[in-house]
Enquirer: 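A single structure is presented below for examination.
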Amino acid sequence: GQQSAREMAPKKPAGKKEDWEELLDSAADMRLPSAHRFLFVINSLILTAVPVYLYSSIFDLDIAENAPFYGVGSVFTAVVLTLACQSRCKILRNRLLKSRNVELPSTSALKEGEGKMDEKKANRSKEMAQKRSEVEWEALALALSLTNAGFLLVVILISFFVLRSAQPLVNYLVSSAGSGAIGFYLAANTK
(Lines give C-alpha, C1' and ligand atoms only; values in the text may rest on other atoms or scores of the structure.)
Protein backbone atom coordinates (compact mmCIF):
# COMPACT_ATOMS: atom_id res chain seq x y z
CA GLY A 1 0.00 0.00 0.00
CA GLN A 2 0.05 3.60 -0.10
CA GLN A 3 1.13 5.64 2.89
CA SER A 4 -0.14 9.10 3.57
CA ALA A 5 2.23 12.06 3.85
CA ARG A 6 1.54 12.23 7.58
CA GLU A 7 2.64 8.65 8.12
CA MET A 8 5.81 9.15 6.06
CA ALA A 9 6.87 12.37 7.80
CA PRO A 10 9.46 12.03 10.53
CA LYS A 11 7.75 11.80 13.88
CA LYS A 12 8.68 14.17 16.65
CA PRO A 13 8.03 13.14 20.21
CA ALA A 14 4.82 14.43 21.75
CA GLY A 15 5.40 17.60 23.70
CA LYS A 16 8.65 18.40 21.82
CA LYS A 17 8.73 22.00 20.72
CA GLU A 18 10.05 23.32 17.47
CA ASP A 19 13.18 25.50 17.66
CA TRP A 20 11.24 28.72 17.16
CA GLU A 21 8.66 27.71 19.82
CA GLU A 22 11.36 27.54 22.46
CA LEU A 23 12.37 31.12 21.65
CA LEU A 24 8.79 32.29 22.14
CA ASP A 25 8.25 32.40 25.89
CA SER A 26 5.28 34.66 26.50
CA ALA A 27 5.08 33.61 30.16
CA ALA A 28 8.56 35.06 30.68
CA ASP A 29 7.41 38.27 28.98
CA MET A 30 4.71 38.68 31.64
CA ARG A 31 6.92 37.99 34.68
CA LEU A 32 8.30 40.85 36.70
CA PRO A 33 11.93 40.75 37.81
CA SER A 34 12.43 39.24 41.26
CA ALA A 35 13.90 42.54 42.48
CA HIS A 36 10.57 44.20 41.71
CA ARG A 37 8.59 41.55 43.56
CA PHE A 38 10.93 41.89 46.56
CA LEU A 39 10.46 45.68 46.57
CA PHE A 40 6.68 45.26 46.42
CA VAL A 41 6.72 43.05 49.52
CA ILE A 42 9.01 45.40 51.48
CA ASN A 43 6.94 48.41 50.41
CA SER A 44 3.69 46.73 51.46
CA LEU A 45 5.06 45.78 54.87
CA ILE A 46 6.23 49.34 55.50
CA LEU A 47 2.96 50.79 54.19
CA THR A 48 0.85 48.63 56.51
CA ALA A 49 2.75 50.08 59.48
CA VAL A 50 1.20 53.51 58.79
CA PRO A 51 -2.33 52.57 59.94
CA VAL A 52 -0.87 50.73 62.96
CA TYR A 53 0.97 53.89 64.01
CA LEU A 54 -2.09 56.03 63.27
CA TYR A 55 -4.39 53.94 65.42
CA SER A 56 -1.93 53.42 68.27
CA SER A 57 -1.10 57.10 68.58
CA ILE A 58 -4.30 58.94 67.62
CA PHE A 59 -7.01 56.43 68.55
CA ASP A 60 -5.13 55.01 71.59
CA LEU A 61 -5.48 51.45 70.35
CA ASP A 62 -2.68 49.75 72.32
CA ILE A 63 -0.35 47.61 70.20
CA ALA A 64 0.32 44.98 72.91
CA GLU A 65 -3.36 44.44 73.73
CA ASN A 66 -4.47 44.29 70.10
CA ALA A 67 -1.45 42.53 68.58
CA PRO A 68 -3.48 39.66 67.04
CA PHE A 69 -5.80 42.14 65.29
CA TYR A 70 -2.92 44.29 64.14
CA GLY A 71 -1.11 41.18 62.91
CA VAL A 72 -4.02 39.74 60.94
CA GLY A 73 -5.00 43.14 59.52
CA SER A 74 -1.43 43.97 58.55
CA VAL A 75 -0.68 40.61 56.92
CA PHE A 76 -3.92 40.66 54.91
CA THR A 77 -3.36 44.25 53.85
CA ALA A 78 0.29 43.62 52.93
CA VAL A 79 -0.64 40.63 50.74
CA VAL A 80 -3.39 42.57 48.98
CA LEU A 81 -1.15 45.61 48.47
CA THR A 82 1.64 43.43 47.05
CA LEU A 83 -0.79 41.90 44.56
CA ALA A 84 -2.11 45.36 43.69
CA CYS A 85 1.41 46.66 43.03
CA GLN A 86 2.27 43.66 40.85
CA SER A 87 -0.94 43.94 38.86
CA ARG A 88 -0.57 47.68 38.34
CA CYS A 89 3.12 47.33 37.42
CA LYS A 90 2.38 44.71 34.74
CA ILE A 91 -0.36 46.86 33.23
CA LEU A 92 1.80 50.00 33.26
CA ARG A 93 4.81 48.14 31.86
CA ASN A 94 2.81 46.72 28.96
CA ARG A 95 1.27 50.11 28.24
CA LEU A 96 4.70 51.81 28.27
CA LEU A 97 6.28 49.10 26.11
CA LYS A 98 3.52 49.48 23.55
CA SER A 99 3.60 53.29 23.52
CA ARG A 100 7.39 53.36 23.06
CA ASN A 101 7.49 50.57 20.46
CA VAL A 102 9.78 48.41 22.57
CA GLU A 103 9.75 44.74 21.66
CA LEU A 104 9.13 41.96 24.13
CA PRO A 105 12.05 39.57 24.71
CA SER A 106 10.29 36.72 22.88
CA THR A 107 9.70 38.90 19.80
CA SER A 108 13.33 40.01 19.79
CA ALA A 109 14.46 36.39 20.11
CA LEU A 110 12.34 35.37 17.13
CA LYS A 111 13.72 38.16 14.96
CA GLU A 112 17.29 37.36 15.99
CA GLY A 113 16.73 33.69 15.32
CA GLU A 114 15.61 34.30 11.74
CA GLY A 115 19.08 35.00 10.42
CA LYS A 116 22.66 35.01 11.50
CA MET A 117 23.55 37.30 14.36
CA ASP A 118 25.51 40.18 12.93
CA GLU A 119 26.79 43.28 14.69
CA LYS A 120 23.78 45.39 13.76
CA LYS A 121 21.36 42.85 15.25
CA ALA A 122 23.48 42.51 18.37
CA ASN A 123 23.43 46.27 18.91
CA ARG A 124 19.68 46.38 18.31
CA SER A 125 19.20 43.57 20.82
CA LYS A 126 21.24 45.41 23.46
CA GLU A 127 19.34 48.63 22.79
CA MET A 128 15.96 46.87 23.17
CA ALA A 129 17.09 45.19 26.38
CA GLN A 130 18.17 48.58 27.78
CA LYS A 131 14.85 50.16 26.81
CA ARG A 132 12.92 47.25 28.37
CA SER A 133 14.88 47.65 31.58
CA GLU A 134 14.18 51.39 31.72
CA VAL A 135 10.48 50.80 31.10
CA GLU A 136 10.33 48.15 33.84
CA TRP A 137 11.90 50.46 36.42
CA GLU A 138 9.64 53.32 35.37
CA ALA A 139 6.58 51.06 35.70
CA LEU A 140 7.82 50.01 39.14
CA ALA A 141 8.09 53.62 40.30
CA LEU A 142 4.66 54.51 38.93
CA ALA A 143 3.01 51.41 40.40
CA LEU A 144 4.48 52.05 43.84
CA SER A 145 3.60 55.73 43.90
CA LEU A 146 0.04 55.27 42.63
CA THR A 147 -0.70 52.32 44.91
CA ASN A 148 0.83 53.98 47.99
CA ALA A 149 -0.94 57.30 47.43
CA GLY A 150 -4.27 55.60 46.79
CA PHE A 151 -3.96 53.36 49.86
CA LEU A 152 -3.05 56.22 52.18
CA LEU A 153 -5.80 58.46 50.82
CA VAL A 154 -8.47 55.78 51.29
CA VAL A 155 -7.20 54.91 54.80
CA ILE A 156 -7.51 58.58 55.83
CA LEU A 157 -10.96 58.95 54.25
CA ILE A 158 -12.34 55.80 55.86
CA SER A 159 -10.68 56.39 59.24
CA PHE A 160 -11.59 60.02 59.78
CA PHE A 161 -14.75 60.52 57.72
CA VAL A 162 -16.61 57.30 56.94
CA LEU A 163 -16.08 55.40 60.21
CA ARG A 164 -15.26 58.25 62.57
CA SER A 165 -17.84 57.17 65.17
CA ALA A 166 -17.05 53.43 64.98
CA GLN A 167 -15.02 51.61 67.61
CA PRO A 168 -11.28 52.07 66.96
CA LEU A 169 -10.61 48.35 66.46
CA VAL A 170 -13.41 47.98 63.90
CA ASN A 171 -12.32 51.23 62.30
CA TYR A 172 -8.73 49.94 61.99
CA LEU A 173 -9.68 46.57 60.51
CA VAL A 174 -12.17 48.00 58.02
CA SER A 175 -10.06 50.98 56.97
CA SER A 176 -6.83 48.99 56.59
CA ALA A 177 -8.23 45.89 54.88
CA GLY A 178 -10.82 47.90 52.96
CA SER A 179 -8.22 50.32 51.63
CA GLY A 180 -6.04 47.44 50.49
CA ALA A 181 -9.00 45.77 48.78
CA ILE A 182 -10.03 49.01 47.07
CA GLY A 183 -6.43 49.54 45.93
CA PHE A 184 -6.30 46.03 44.51
CA TYR A 185 -9.64 46.48 42.74
CA LEU A 186 -8.51 49.75 41.17
CA ALA A 187 -5.12 48.29 40.17
CA ALA A 188 -6.67 45.19 38.58
CA ASN A 189 -9.22 47.25 36.64
CA THR A 190 -6.76 49.82 35.30
CA LYS A 191 -6.88 49.78 31.53
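Position 1 is the first residue of the sequence; numbering continues from there. The structure displayed is predicted, hence computed values, not measured ones.
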Enquirer: Please determine whether residues F161 and V170 belong to a single hydrophobic cluster, defined as Ile, Leu, Val, Met, Phe, Trp and Tyr linked transitively by side-chain heavy-atom distances below 4.5 Å.
Expert: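 No, F161 does not connect to V170 through the hydrophobic network.
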Enquirer: Quick one: pull up CD in E138 and CG in L97 and give me the separation to the nearest 0.5 Å.
Expert: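 The distance works out to 10.0 Å.
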Enquirer: N66 vs Y172, test: side-chain contact (heavy atoms from CB on, under 4.5 Å). Steps then yes/no.
Expert: CA-CA 11 Å; N66 299 298; Y172 165 73; over 6 Å; no
Enquirer: Hey, what do you get for CG (L140) to CZ (R88), rounding to the nearest 0.5 Å?
Expert: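 One finds 13.0 Å between CG of L140 and CZ of R88.
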Enquirer: Just how far is it from atom CG of L81 to atom OG of S176, taken to the nearest 0.5 Å?
Expert: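 OG of S176 is found 8.0 Å from CG of L81.
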Enquirer: Do E134 and R100 sit within salt-bridge range, that is, some charged N less than 4.0 Å from a carboxylate O?
Expert: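 No, this pair does not count.
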Enquirer: Would V50 and V155 satisfy side-chain contact (heavy atoms from CB on, under 4.5 Å), going step by step from the backbone distance to the final call?
Expert: CA-CA 9 Å; V50 172; V155 163; 6.0 Å; no
Enquirer: Could you pull out the closest heavy-atom pair between A143 and L92, with the gap in Å?
Expert: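 Residues A143 and L92, closest heavy atoms: N-CD1, 3.7 Å.
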Enquirer: Please walk me through it: do F40 and L144 pass side-chain contact (heavy atoms from CB on, under 4.5 Å)?
Expert: CA-CA 8 Å; F40 291 145; L144 287 175; 3.6 Å; yes
Enquirer: Begin from the C-alpha positions of N148 and N43 and carry the test side-chain contact (heavy atoms from CB on, under 4.5 Å) through to its verdict.
Expert: CA-CA 9 Å; N148 292 353; N43 174 70; 2.9 Å; yes
Enquirer: For residues Q130 and K126, determine if any side-chain heavy atom of one lies less than 4.5 Å from a side-chain heavy atom of the other.
Expert: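 Q130 does not reach K126 side chain to side chain.
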Enquirer: What residues, two or more places apart in sequence or in another chain, satisfy salt bridge (charged side-chain N to carboxylate O under 4.0 Å, His left out) together with R37?
Expert: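 Counting only residues at least two positions away or on another chain, R37 forms no salt bridge (charged side-chain N to carboxylate O under 4.0 Å, His left out).
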Enquirer: Are F69 and V72 connected in the hydrophobic side-chain network, where two residues link if heavy atoms are under 4.5 Å apart?
Expert: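 Result: no, two separate clusters.
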Enquirer: Would you call E136 and R132 a salt bridge, using N to O less than 4.0 angstrom?
Expert: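 Salt bridge absent between E136 and R132.
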Enquirer: Do S87 side-chain atoms and A84 backbone N/O form a donor-acceptor pair below 3.5 Å?
Expert: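 Between the backbone of A84 and the side chain of S87 there is no qualifying donor-acceptor contact (under 3.5 Å).
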Enquirer: Kindly compute the distance separating CG (L32) from SG (C89), expressed to the nearest 0.5 Å.
Expert: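 Between atom CG of L32 and atom SG of C89 there are 5.0 Å.
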Enquirer: Assign the ring pair F59 / Y55 to parallel, tilted or perpendicular, where the plane angle (0 to 90°) is split at 30° and 60°.
Expert: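 Judged by the thresholds at 30° and 60°, the geometry between F59 and Y55 is parallel.
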Enquirer: If only atom types and distance count, is the side chain of N171 paired as donor or acceptor with the main-chain N or O of S159 below 3.5 Å?
Expert: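 Confirmed, N171 side chain pairs with S159 backbone.
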Enquirer: Kindly compute the distance separating CG (L54) from CG (L61), expressed to the nearest 0.5 Å.
Expert: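 Going from the CG atom of L54 to the CG atom of L61 covers 10.0 Å.
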Enquirer: How long is the span from the SG atom in C85 to the CG atom in L83, to the nearest 0.5 Å?
Expert: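 So the gap between those two atoms works out to 9.5 Å.
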Enquirer: For a 4.5 angstrom cut-off between non-hydrogen side-chain atoms, does I158 reach S179?
Expert: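 They are in contact (side-chain heavy atoms under 4.5 Å apart), so the answer is yes.
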Enquirer: Would you say V174 ends up clustered with V154 if hydrophobic residues are merged whenever their side chains have heavy atoms under 4.5 Å apart, either directly or through other cluster members?
Expert: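 Yes, it is one cluster - the side chains of V154 and V174 are joined through contacts under 4.5 Å.
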Enquirer: Do Y70 and T48 have a side chain donor and acceptor closer than 3.5 Å?
Expert: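 No.
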Enquirer: Surrounding CD of Q167 (heavy atoms of other residues, nucleotides or ligands, distance under 6.0 Å), is the total greater than 12?
Expert: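 No - once you tally the heavy atoms of other residues, nucleotides and ligands closer than 6.0 Å, there are 12 at most.
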Enquirer: Is it true that a side-chain atom of S44 and a backbone atom of T82 form a donor plus acceptor pair closer than 3.5 Å?
Expert: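 The answer is yes, because a donor-acceptor pair under 3.5 Å joins these two groups.
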Enquirer: With a 4.5 Å cut-off on side-chain heavy-atom distances among I, L, V, M, F, W and Y, is there a chain of contacts connecting I91 to W137?
Expert: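 No, separate clusters.
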Enquirer: Are I58 and L169 co-members of a hydrophobic cluster defined by side-chain heavy atoms under 4.5 Å apart?
Expert: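 Both belong to a single hydrophobic cluster.
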Enquirer: So does Y53 get a backbone contact from the side chain of S56, meaning a donor-acceptor N/O pair under 3.5 Å?
Expert: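 Such a contact is found between S56 side chain and Y53 backbone.
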Enquirer: Check L45 against A78 and note the closest heavy-atom contact, atom names and distance.
Expert: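 Smallest interatomic distance, heavy atoms only, reads CD2-CB, 4.0 Å.
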